[in-house]
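Working notes for the structure below.
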Protein chains: 2
Amino acid sequence: MSSTAKPAPTMGETAYGQIAGLLTSGRVAPGERLSLRDLAERLGTSTMPIRAAVGRLAEYGALEVSPNRAVRVPVMSAGRFSELADLRQQMEGLAAERAALAATAEDIDAIEPIATAFAEMVVGPDPDGGRAVALNRDLHFAIYAAARMPLLQSMIERLWLLAGPVLNLDMRADPRRLANTPAPRFHASALAALRRRDGASARAAISGDIADAASFILARGVLKED
Amino acid sequence: MSSTAKPAPTMGETAYGQIAGLLTSGRVAPGERLSLRDLAERLGTSTMPIRAAVGRLAEYGALEVSPNRAVRVPVMSAGRFSELADLRQQMEGLAAERAALAATAEDIDAIEPIATAFAEMVVGPDPDGGRAVALNRDLHFAIYAAARMPLLQSMIERLWLLAGPVLNLDMRADPRRLANTPAPRFHASALAALRRRDGASARAAISGDIADAASFILARGVLKED
DNA sequence: GACTATGAACCGTGATCACAGTCGGCGGCA
DNA sequence: TGCCGCCGACTGTGATCACGGTTCATAGTC
């Protein structure tokens with residue numbers, strides 16, 4: 001029924017997803033060296049699908065190949081993280097602005113429950129860092145999808161893949177910060193702006209959400225200086 | 001010398017460059033199907049480096065894999081092209097704005113001769129479409145490099161790879177349009193803004209340059225309607 | 001005891017082969 | 001004459017092997 005046929009995903013694609021999961025869930029540490037043969041054994045295939053997956057990840061910068069061709073998880077310097085946060089504010093702010101102009105009522109109805117679920121979780125008695133990250137991601141991308149700009153969305157996905165390891169590391173390290181995060185207020189502000197078709201406010205809300213999280217992580221000083 | 005060692009490029013990387021050249025120079029037509037074995041024979045290698053190169057290109061969207069796993073050069077619809085031009089205005093405008101704030105005197109001194117070379121060529125007696133494209137590219141990226149935002153620059157490079165086939169097709173189809181293009185005025189305006197450290201004007205100049213070229217191509221109506 | 005040389009294990013890359021699926025052209029049938 | 005079905009060539013994918021280069025640990029030497 002879907003417009004796009006699903007011709008059984010290749011092993012390379014599943015390997016891509018699994019390795020990306022390893023990265024975004026923080027199960028591999030920045031700086032850690034990865035071996036194609038080891039990954040192949042872990043995923044139960046030959047090195048061929050792993051090669052394809054790692055190559056694609058490396059193209060994004062989600063993995064790094066040293067000049068000696070060694071594959072490692074990139075270490076995020078403070079400067080690199082700052083540029084990443086800067087770009088995220090610009091691009092995701094743009095997506096939110098356009099979403100405010102293009103979103104249908106159905107789009108907004110689909111976004112709202114995600115926002116309330118996130119807001120209830122962070123004030124709840126048992127905040128789950130991993131689940132919070134997932135909900136936050138779903139919320140952001142639900143908004144961006146409403147902008148109907150597939151190219152922009154794919155570029156934002158790339159940025160999230162780069163930021164993933166650090167964000168997850170942060171959430172895991174200090175899940176109780178969730179109770180005090182201003183994120184739900186930014187989310188509510190964005191949602192209200194979408195309803196008003198107020199692009200500038202939507203941009204400001206998303207941009208503020210990103211800037212707040214980024215400054216918090218930078219303030220912790222765990223990122224390598226330059 | 002250079003800070004990064006050069007450990008002899010792999011065949012996969014050279015294949016990447018050669019296939020990217022095929023795309024940006026317009027020697028392969030949109031919609032055309034590519035065969036890994038054929039490319040391998042043309043480049044004198046096995047299919048392995050070709051696989052790696054094509055996979056990376058496909059990750060960017062510079063190549064397209066059909067649900068039946070056939071590799072083809074993507075056809076650019078009018079809608080897709082519009083979004084691409086839109087994003088280019090936003091991101092390259094941003095890069096120009098930041099360049100205006102971060103550019104050193106040496107940066108600007110390096111940019112200027114490229115601008116004059118482009119301007120002299122388009123009014124010259126024998127406008128060369130291919131060379132004009134190359135000069136235009138060099139000029140734009142010299143500006144963006146001055147922004148010192150490597151992540152942003154790599155994302156812009158991706159966008160150019162997507163737009164490459166269409167832009168080149170346009171330039172080749174009608175090189176005499178070069179004589180009347182307003183591009184040199186946009187370039188001069190951007191350069192002056194860089195000197196004044198006027199970010200807003202630099203953004204406007206680059207954005208205008210892109211918008212003008214895009215509207216010209218769209219007006220020709222050669223792009224497939226959605 | 002500290003340092004260097006050496007060798008084995010391991011790394012990514014490229015080539016080659018096997019296989020299932022797809023597409024097109026040719027032949028036969030209505 | 002027009003249409004359908006089949007068969008062969010060709011597609012991308014995965015596995016396996018070979019090869020140069022790097023890394024790390026151990027043994028030998030000063």
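It should be emphasised that the depicted structure is a prediction, and the values quoted were computed from it without experimental measurement. A note on names: the letters A, B, ... follow the listed sequences, proteins ahead of strands, and every chain is numbered from 1.
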What integer distance in Å separates [X]:[atom1] from [N]:[atom2]?
X        : N       : atom1 : atom2 : value
Arg51(A) : dC17(D) : CZ    : C1'   : 11 Å
Glu41(A) : dG12(C) : CD    : P     : 13 Å
Leu39(A) : dG12(C) : CG    : C1'   : 13 Å
Arg69(A) : dT22(D) : CZ    : C1'   : 12 Å
Glu13(B) : dG12(C) : CD    : C1'   : 12 Å
Ile50(B) : dT13(D) : CD1   : C1'   : 16 Å
Leu43(A) : dT13(D) : CG    : C1'   : 17 Å

With nearest nucleotide decided by heavy atoms, which residue, Thr47(B) or Leu36(A), maps closer to the 5′ end of DNA chain C?
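Looking at DNA chain C, the more 5' nearest nucleotide goes with Leu36(A).
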* To do: Tell whether Arg37(A) reaches the base of dG12(C) with its side chain through a donor-acceptor pair below 3.5 angstrom.
  =>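 Checked by distance alone, the answer is yes.
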| task | Using a cut-off of 6.0 Å, state whether more than 12 heavy atoms not belonging to Glu41(A) lie near its atom CD. | result |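 Counting neighbours around CD of Glu41(A), 12 or fewer heavy atoms of other residues, nucleotides or ligands fall under 6.0 Å, so no.
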Does CD in Glu13(A) sit with more than 12 non-hydrogen atoms of other residues, nucleotides or ligands closer than 6.0 Å?
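Check passes, neighbour count above 12.
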Item to check | Whether Tyr60(B) and Tyr60(A) hold their rings parallel, tilted or perpendicular, with breakpoints at 30° and 60° | outcome: tilted
Under 4.0 Å, heavy atoms only, any strand: does [X] hit a base, just the sugar-phosphate, or nothing?
X        : result
Arg33(A) : sugar-phosphate
Leu34(A) : sugar-phosphate
Met48(A) : base

Taking dG12(C), dT13(D), dG14(C) as options, the one with an atom nearest any side-chain atom of Thr10(B) is dG14(C)
Side-chain atoms of Met11(B) come closest, of dT16(C), dG14(D), dA15(C), to dA15(C)
Checklist entry - At under 4.0 Å, does any side-chain N or O of Asn68(A) touch on OP1 or OP2 of dG12(C)? => result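 It does not, given that no N or O in the side chain of Asn68(A) lies less than 4.0 Å from OP1 or OP2 of dG12(C).
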Original post:
Reckon Ser35(A) has a side-chain N or O less than 4.0 Å from the OP1 or OP2 of dC11(C)?
Top reply: yes
**Q.** Contact nearer the 5' end of DNA chain D, comparing Pro49(A) with Ala70(B)
**A.**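 It is Ala70(B), whose closest nucleotide lies nearer the 5' terminus.
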Qualifying residue for side-chain contact (heavy atoms from CB on, under 4.5 Å) with Leu152(A), from Met91(B), Glu83(B), Gln90(B):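 In the set Met91(B), Glu83(B), Gln90(B), the residue that makes a side-chain contact (heavy atoms from CB on, under 4.5 Å) with Leu152(A) is Glu83(B).
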Is Asp38(A) salt-bridged to Arg33(A), going by a charged N under 4.0 Å from an acidic O? no
